[in-house]
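Comments concern the structure below.
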Amino acid sequence: MKSVFAAGAALAALTLAGAAGAATVTVGPGGYNDGYATQVTYNSNNVEAGRGTADGRADGNNALGAADGKFFEIGNFDEVIFTFGTLFTSPGSVTEVTFGGRTTTWIEQVMVYVGNLSTNTWVAVNEAPISNALPTTSFTFDAGPFDAMKFVHFGNIRASGSFDIDSVRVAPVPLPAAGLLLVGALGGMSLLRRKQRA
């Protein structure tokens, strides 16, 4: 098992090194949407990324928002970075759609990392690698908060691409109740001050 993991890690390292010079694109509206991914960055050259194009699978927008049956395919040689419009902590989940149905002969896997874009630091989630064994897979990770999640192909190279993502969701960092009280108090003080000036 360790040798399989090491081989996957080596492939991931090569993938990350190759992706640095790739033609990347970021799509999506941004902002916050109930913990669902709202932007995705990926290599826009489908051939270079090892991504198929049938069924709209090359459109990164298909992986944003709640699950709807549309999907975005991670290429065999690509890394895909999702953002959520907020900081987040554990847990996370991904909904995967394998076109044509799941079988034991069509296993797709990804390494999943959480990190911070400003420092370009990444940590593997506890359950990595993630496979397409279930439609929705939940996973956990330590520490945080984080601002991005990265998926990198792991395992077998397929002629028609890799892991098919319908949606990605995280647990946003909650605004503490004290923070809401503070905002309310400042707003009230501002109103009182305006009344006194009038």
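Quick note: numbers below take in every heavy atom, side chains included, and nothing from hydrogens, waters or symmetry partners. Position 1 is the first residue of the sequence, and the numbers go up from there.
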Considering non-hydrogen atoms only, spot the tightest contact between [X] and [Y] and give its length.
{"X": "Val40", "Y": "Gly60", "answer": "CG1-O, 3.5 Å"}
{"X": "Asp68", "Y": "Asn62", "answer": "OD1-O, 4.3 Å"}
{"X": "Tyr36", "Y": "Ala66", "answer": "CE2-CA, 3.6 Å"}
{"X": "Thr38", "Y": "Pro29", "answer": "O-CD, 3.2 Å"}
{"X": "Gly65", "Y": "Asn33", "answer": "CA-ND2, 3.8 Å"}
{"X": "Pro145", "Y": "Leu87", "answer": "CB-CB, 3.9 Å"}

Q.
What I want to find out is whether Asp166 reaches Lys70 closely enough, with some N-O distance under 4.0 Å, to be called a salt bridge.
A.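 Here Asp166 does not pair with Lys70 in a salt bridge, since their nearest N and O are not under 4.0 Å apart.
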I'd like to know if the side chain of [X] reaches the main chain of [Y], judged simply by a donor and an acceptor atom lying under 3.5 Å from each other, with no hydrogens or angles considered.
{"X": "Asn45", "Y": "Glu48", "result": "yes"}
{"X": "Arg51", "Y": "Phe77", "result": "no"}
{"X": "Ser90", "Y": "Phe141", "result": "yes"}
{"X": "Asp147", "Y": "Leu117", "result": "yes"}
{"X": "Glu73", "Y": "Gly52", "result": "yes"}

Q.
Under the rule for side-chain hydrogen bond (donor to acceptor under 3.5 Å, both in side chains), what residues qualify as partners of Thr41, not counting sequence neighbours?
A.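 Partners of Thr41 under the side-chain hydrogen bond (donor to acceptor under 3.5 Å, both in side chains) test: Thr26.
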Q | Non-neighbouring partners of Asn61 that pass side-chain hydrogen bond (donor to acceptor under 3.5 Å, both in side chains), sequence neighbours left out | A |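 For Asn61 the side-chain hydrogen bond (donor to acceptor under 3.5 Å, both in side chains) partners, ignoring immediate neighbours, are Asp59.
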Q) So, for Phe82 and Phe151, is the gap between ring centers shorter than 6.0 Å? A)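 Between Phe82 and Phe151, the centre distance is under 6.0 Å.
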**Q.** Tyr42 ring center within less than 6.0 Å of Phe72 ring center
**A.**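 Ring-ring flag for Phe72/Tyr42: true, centres closer than 6.0 Å.
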Q.
Could you tell me if Asn126 and Thr140 have a donor-acceptor pair between their side chains, going purely by distance under 3.5 Å?
A.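 Present: a donor and an acceptor within the cut-off.
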Q: Go through the side-chain N and O atoms of Ser131 and Glu108 and say whether any donor and acceptor fall under 3.5 Å apart.
A: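 Result is no, nothing qualifies.
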Q: Dump the intermediate steps for ring-ring contact (aromatic ring centres under 6.0 Å, His included) on Phe163 and Phe154, then the final yes or no.
A: CA-CA 9 Å; Phe163 205 77; Phe154 179 85; over 10 Å; no
(Q) According to salt bridge (Lys or Arg N to Asp or Glu O under 4.0 Å), does anything in residues 30-46 pair up with another residue at least two apart or in another chain? List the pairs. (A)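 Qualifying pairs: Asp34-Arg169.
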